[in-house]
Amino acid sequence: MPSTFMALETAKRGLNAHQQALQVTGHNISNADNKNYSRERVNFTAMSPLYDPAMNRASGAGMIGQGVVISSIERVRDNYVDDRIIESAQGKSYWEVQQRYFEHVETIYNEPGDHALRSALDNFWNSWQDLSAYPEEYGHREVVKTRAEELVSNIRSTFEKLHNLRGQADFELQATVKKLNTMGAEVADLNKKIIKSEALGDRPNDLMDRRDQLIQELSQMADISVSRSDAKGLIVFIGSEVLVQDGVLNKLTLKPDASNEGYSKIYWEQSNTEPVFSNGSIYSLMHMRDTVLKEQVDKMDLLAVNLHDIVNSIHKDGFTLTGETNIEFFKLESLSREITGNADLNNDGQNDSSAVFKIAGNNQLKKDRPIGISGLLTFIRNDENHTPVQISYRENETLGDVIKRINKSGAGVVAYMDHNDHLVLKGITAEDNWQKNFIIRHIEDSGELLVGFAGMLQNSGASGAYDYRRINEIQKLQAGRENITFSPVLHAAGSIALSDQIINNVGMIAATGGKDIGGTGDNNSPNGQKDGQNALKIAQAMRHEDVMVGKFNNPEEFYNDLIARLGVESRESKDKVEGSDMIMKNLENMRQSFMGVNLDEEMSNMVQFQHGYNASARVMQTINEMIEFLITRLG
Amino acid sequence: MRVTQSMIHNDLVLTLNRQKNSLEKVENEISTGVKIQKPSDDPVGAANQNILSSRLNEINQYERNAGDARDKINLIDGNLGQVTDIMQRVRELAVQAANGTNSKFELSEPIAREIEQHLLALVDIANGKDSTGKTLFGGSVIERNSFVAVYSNNVTDGNLDNGRALSGVVYQGDILTQKREIERGQQMDITVPGNRVFWGTNMTIASNTDASNYVARGNESFAIDGVKIDVAAGDTLNEIIRKINNSPVDVKASIGAQNDLVLTTKSPHQMWLEDVEGSTVLQDLGVIDGNNPAPGNNISASALVTGMSMFDVIIQLRDDLIRGDQNQIGGRDMEAIDMAMDNVLRYRSDVGARENRLETHEKKLASDKIYTQDLLAKNQDVDMVDSIVQLKWLESIHGYALKVGADLIKPTLMDFLR
């Protein structure tokens with residue numbers, strides 16, 4: 001016969017179970033709005049019934065049930081969807097960072113509009129046109145000076161803002177890496193706790209929720225992946241390298257990189273190697289800082305360097321109101337401190353290179369006549385490997401043909417015919433290291449094109465070649481000192497300005513042309529004051545002549561391309577963010593569908609458990625009355 | 001599929017957000033009237049916007065330039081008109097004088113005096129100024145008058161006014177023309193240099209220096225009327241003559257009786273000769289004075305120069321009148337006057353043609369401008385009707401979404417449990 005109090009025990013178990021179930025329901029309900037909470041489900045199981053089939057079982061009807069116990073509090077979570085979300089979060093975060101920064105860049109340029117760089121360039125052009133009609137008037141000169149000041153101040157301020165934006169990206173990068181370390185440490189900590197708790201037989205659901213939440217936040221920062229198969233807890237990877245394993249975090253650290261203007265470079269602290277990122281906000285910030293924004297800064301520098309040279313080379317040939325010549329219009333500090341053009345590129349205190357931006361030949365040439373000579377030009381690309389680029393020329397080609405081929409060849413220089421019909425070679429942006437921007441690297445001619453024909457080099461062949469890696473290379477050039485422009489200091493766009501002479505006296509603007517009397521090689525005799533052809537030449541060079549700003553024909557083309565590209569890249573990032581948003585929303589919904597709390601469901605569960613509780617309590621009451629009757633009435 | 005509250009909430013929030021974004025965009029468009037605020041709104045449109053705005057600015061500048069050019073050309077035309085009138089009057093006087101019935105007194109007193117006055121008037125016109133007070137006919141030289149009158153006390157046979165009378169007029173300008181850019185790559189000359197329009201007869205310069213042994217030493221060059229002619233080392237006089245005749249300059253070269261270089265203009269103008277960039281070709285050939293090589297009155301003293309400016313023609317007429325030489329007046333002087341008048345007329349019609357061209361060009365610029373503005377507007381301007389309709393549509397969609405959302409997120413089972 002079963003024990004007197006067995007029914008009581010059964011009822012008690014019922015109460016317990018239902019109370020616990022209500023507790024879990026309450027926990028679910030209060031976490032209904034917690035996005036990272038996975039709902040818990042109680043699993044009721046009947047307790048092992050009496051008696052086990054064995055020799056010593058009691059006699060009587062069996063098996064007798066013993067009531068209900070909660071076998072487990074199950075955490076309802078789909079790890080597969082979690083992993084998909086981790087994947088998508090990386091891309092979304094990458095594009096969000098790109099979009100944010102592109103918006104900043106667009107605000108900096110402030111185009112299309114009437115108050116930004118395009119207008120400044122247009123107004124600058126207008127002022128030279130007006131000056132060419134009335135070069136003797138001070139009023140028109142003042143306008144040229146004012147418009148020029150607007151232009152350079154616009155370039156300088158755009159450069160500064162872009163430069164600062166780079167700094168901001170670096171700052172955000174540092175903060176993000178620190179945050180990644182902090183979260184990684186917490187994940188390691190949780191790993192330890194979860195393992196201990198599971199070893200003790202518990203289900204640490206909330207800890208696991210917290211860990212999943214952290215991993216999802218981490219996945220926004222880098223290309224995180226997770227391995228759940230290890231018995232000692234989650235392993236978190238960045239790419240294929242381990243970030244967190246068991247309770248150990250592999251920390252990331254930041255060090256300033258001198259070859260990148262002191263901006264931070266990321267290392268694994270333990271092994272001092274560089275981690276490989278391929279997605280997420282850290283990668284996006286690095287890309288933004290070191291590629292996108294750097295390109296924008298390079299473009300401003302390109303504009304400044306070329307503006308300075310294009311205007312000055314024409315301006316110096318012209319004459320002021322008082323008949324002076326060789327006056328500079330813009331000023332820009334050179335990289336080289338000496339008249340030899342030698343500079344110290346690797347910062348070891350010793351001059352090691354020749355830093356020249358532009359070389360013009362001595363001889364006047366006709367662009368459309370066959371050149372009548374043949375040979376091979378050798379340049380090198382602006383990359384680390386110094387890959388040679390060779391361009392051949394033949395007798396029946398015109399100089400114009402050769403120039404076109406040089407410009408399309410990727411040779412690290414561009415060529416054009418200047419206003420005096422001399423051949424000019426100019427350096428462009430470096431592909432390897434921005435400190436080598438705007439330096440001509442190598443000029444070599446096996447024949448006479450650059451030597452006797454154009455008057456640039458003194459000798460043909462490899463012995464006469466000009467190479468920037470040696471000092472005193474300008475001795476290899478035939479071109480006179482006024483036909484050579486040295487490379488500018490770093491970030492020309494930050495320091496370009498009007499020359500002091502122009503600022504102090506607008507009469508120094510050389511609007512008038514002149515001629516070379518006596519064959520000195522330089523103009524030395526001005527035309528009458530009413531002549532404004534030099535001003536007209538400057539205007540034409542800004543828009544309609546081929547003067548080569550990088551691989552674009554003139555400043556106008558260059559700027560149009562800059563804005564068009566910016567628009568396309570910014571638009572792309574916006575579109576990608578929208579697309580990512582949709583994908584994330586769908587994945588999130590899938591996840592919520594599985595693990596989210598449905599209040600209606602919980603409500604009905606609550607009612608159900610409440611009834612269960614009440615019913616168990618009623619059973620207990622009944623048994624209580626029965627036992628009371630037995631004790632008080634019998635005997 | 002199991003649906004939870006947070007899913008409904010998520011959906012609602014995302015949808016409302018997107019609608020708000022669209023609404024904001026349209027509101028922005030309407031309030032600024034501008035479709036493209038940033039390049040990313042429409043990259044191709046923004047690029048077009050850039051190019052078109054620049055082009056419009058260009059067209060405006062060219063309109064300004066063309067208008068300025070036309071004003072100047074009008075002024076020159078007016079001046080040349082006055083010159084023609086004066087020359088016409090001088091011609092009448094010459095005809096009258098050539099008529100055999102005049103006495104010496106009649107020739108020299110009233111007619112010669114009148115002609116002297118016309119001469120002075122002509123010099124004034126030749127020194128005419130434009131709207132900013134700068135000389136019109138001096139090429140690029142504005143620091144001094146284009147022409148300067150030379151007086152002399154020795155006028156042939158009697159002085160007009162106890163002393164000085166004009167004996168010549170010297171040109172002090174240069175041969176550069178002023179240009180205005182009226183379209184991309186198109187420039188127009190808007191002046192006429194004084195050494196051309198105020199000239200009368202063809203000019204001949206014979207150097208009188210035997211050049212049969214002349215050989216050019218190196219690669220040199222010289223310029224006639226601004227046209228550069230290159231001389232290679234070893235060229236003799238014949239080669240140089242050939243090069244001159246093959247060039248586009250309107251001067252003819254030939255060998256004179258003394259194996260000297262003879263240059264003759266093909267149409268009346270004052271020849272402009274100079275050695276370029278340190279060369280000495282023309283000096284060596286005896287054409288230019290080595291001590292005063294800068295052009296404009298730099299002809300060597302030993303060279304023989306014939307040819308008269310308009311002023312010289314009139315001075316000659318005046319002098320013949322004072323002498324009473326009716327034959328010359330009727331013959332040589334009339335011929336010279338006619339040549340001078342033809343010359344002026346030639347330049348007048350050239351100026352007139354330029355005026356016409358400018359007028360046509362201005363019309364073309366105006367229509368280009370309208371076309372560009374049109375394109376800009378299409379690219380950039382918001383179609384108000386379109387945008388407002390879209391705004392209303394978005395607003396109503398937004399309203400529906402809000403209502404449905406509100407209805408969905410409210411009720412739970414709790415509302416119905418006692």
Side-chain angles (χ1 to χ4, degrees), chain A residues 32-33 35 102-103 106-107 109 111-112 114 118 121-123 125-126 129-130 132-134 136-137 512 515-520 527-533 536 539-540 543-544 556 559-560 563-564 566-568 570-571 573-574 581 585 588-589 592-594 596-600 603-604 607, chain B residues 1-7 9-11 14 18 34 36-47 49-51 53-54 57-58 60-62 64-65 68-69 132 134-135 138-143 173-174 176 178-181 184-185 187 191 276-279 293-294 380 412-414 417:
Chain A
D33 289 327
K35 266 195 319 188
F102 270 121
E103 267 196 50
E106 285 187 306
T107 310
Y109 277 110
E111 301 277 8
D114 293 330
R118 181 193 62 76
L121 284 166
D122 280 349
N123 289 340
W125 178 80
N126 285 358
Q129 283 276 342
D130 287 337
S132 79
Y134 295 97
E136 75 281 8
E137 296 290 337
T512 303
K515 39 192 193 227
D516 176 357
I517 299 226
T520 58
N527 292 334
Q529 276 183 352
K530 192 63 181 168
D531 176 54
Q533 41 172 294
L536 193 55
Q540 288 170 328
R543 291 177 76 92
H544 303 136
E556 149 115 4
Y559 193 66
N560 283 341
I563 296 296
L566 179 63
V568 165
S570 180
R571 171 100 233 150
S573 68
K574 266 195 204 154
D581 274 346
K585 184 202 89 147
E588 199 45 60
N589 275 355
Q592 285 296 320
S593 161
F594 200 69
V597 171
N598 183 332
L599 283 177
D600 297 338
M603 280 298 131
S604 64
V607 168
Chain B
M1 183 174 109
R2 185 167 171 274
V3 174
T4 66
Q5 264 74 24
S6 56
M7 282 164 70
H9 173 76
N10 266 351
D11 282 347
L14 192 74
R18 282 161 124 214
V34 156
I36 305 177
Q37 311 268 3
K38 317 191 271 285
S40 57
D41 287 344
D42 179 0
V44 172
Q49 171 79 355
N50 237 5
I51 296 175
S53 295
S54 254
N57 180 59
E58 226 179 59
N60 280 334
Q61 178 69 44
Y62 289 140
R64 237 190 349 264
N65 287 357
D68 182 72
T132 59
K134 308 295 188 299
T135 59
S140 74
V141 176
I142 52 175
E143 299 88 272
D174 66 20
L176 291 177
Q178 287 168 43
K179 299 192 198 301
R180 296 277 187 276
E181 194 170 67
R184 285 186 183 185
Q187 290 181 30
T191 53
V276 172
E277 287 167 11
S279 313
Q380 175 66 340
T412 65
L413 199 53
M414 286 180 277
L417 285 173

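Side chains included, hydrogens not; waters and symmetry mates left out as well; all remaining heavy atoms used. Labels below follow one simple rule: chain letters A, B, ... track the order of the sequence lines, proteins then strands, and each chain is numbered from 1. Nothing here was measured: the structure is a model prediction, and the numbers come from that model.
The closest side-chain heavy-atom distance from B:Gln187 to A:Leu536 is below 4.5 Å.
In this structure, the portion of A:Tyr134 lying under 4.5 Å from any heavy atom of chain B is its side chain and not its backbone. If you measure heavy-atom distances from B:Gln5 to chain A, the contacts under 4.5 Å come from both the backbone and the side chain. Using a 4.5 Å cut-off between heavy atoms, A:Ser604 contacts chain B through both its backbone and its side chain. Heavy atoms closer than 4.5 Å to chain A are found in both the backbone and the side chain of B:Ser53. The contact between A:Val568 and chain B is made by backbone and side chain atoms together, counting heavy-atom distances below 4.5 Å. Of the atoms belonging to B:Lys134, it is side-chain heavy atoms, and not backbone ones, that fall under 4.5 Å from chain A. Contacts between B:Asp174 and chain A at a heavy-atom distance below 4.5 Å involve the side chain alone, from C-beta outward. Within the 4.5 angstrom heavy-atom criterion, atoms from both the backbone and the side chain of B:Asp41 approach chain A. For B:Ile36, the parts lying under 4.5 angstrom from a heavy atom of chain A are both the backbone and the side chain.
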Start with the C-alpha gap between A:Asp130 and B:Gln61, add the side-chain angles, then the distance that decides, and say whether side chain to side chain donor-acceptor pair (under 3.5 Å) holds. CA-CA 8 Å; A:Asp130 287 337; B:Gln61 178 69 44; 2.9 Å; yes
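Most heavy-atom pairs under 4.5 Å with chain B, from the set A:Glu556, A:Gln540, A:Lys515, A:Arg543: that is A:Arg543. Considering only heavy-atom pairs separated by less than 4.5 Å from chain A, the leading option among B:Asp11, B:Val34, B:Asn57 is B:Asn57. Ranked by heavy-atom pairs under 4.5 Å with chain B, the list A:Gln533, A:Met603, A:Glu103 is led by A:Met603. Contact count versus chain B (heavy atoms, under 4.5 Å) is highest, among A:Ala564, A:Gly532, A:Ser570, A:Pro112, for A:Pro112. Ranked by heavy-atom pairs shorter than 4.5 Å toward chain A, the options B:Asp42, B:Val276, B:Thr191, B:Ile51 are led by B:Ile51.
Note that CG of B:Asn65 and NZ of B:Lys179 are 14.0 Å apart. Values are rounded to the nearest 0.5 Å. Taking OG of B:Ser6 as the reference point, atom NZ of A:Lys35 lies at 9.5 Å (rounded to 0.5 Å). Remark: B:Leu14 CG to A:Glu588 CD distance equals 11.5 Å, nearest 0.5 Å.
Residues satisfying the salt bridge (Lys or Arg N to Asp or Glu O under 4.0 Å) criterion with A:Arg571, sequence neighbours excluded, are A:Asp575.
What you find for B:Gly139 and A:Lys530 is that their closest heavy atoms are O-CB, 4.3 Å.
In this structure a side-chain-to-backbone donor-acceptor pair under 3.5 Å is present from B:Glu143 to A:Gln529.
For the residue pair B:Glu58/A:His544, the side-chain donor-acceptor check at 3.5 Å is satisfied.
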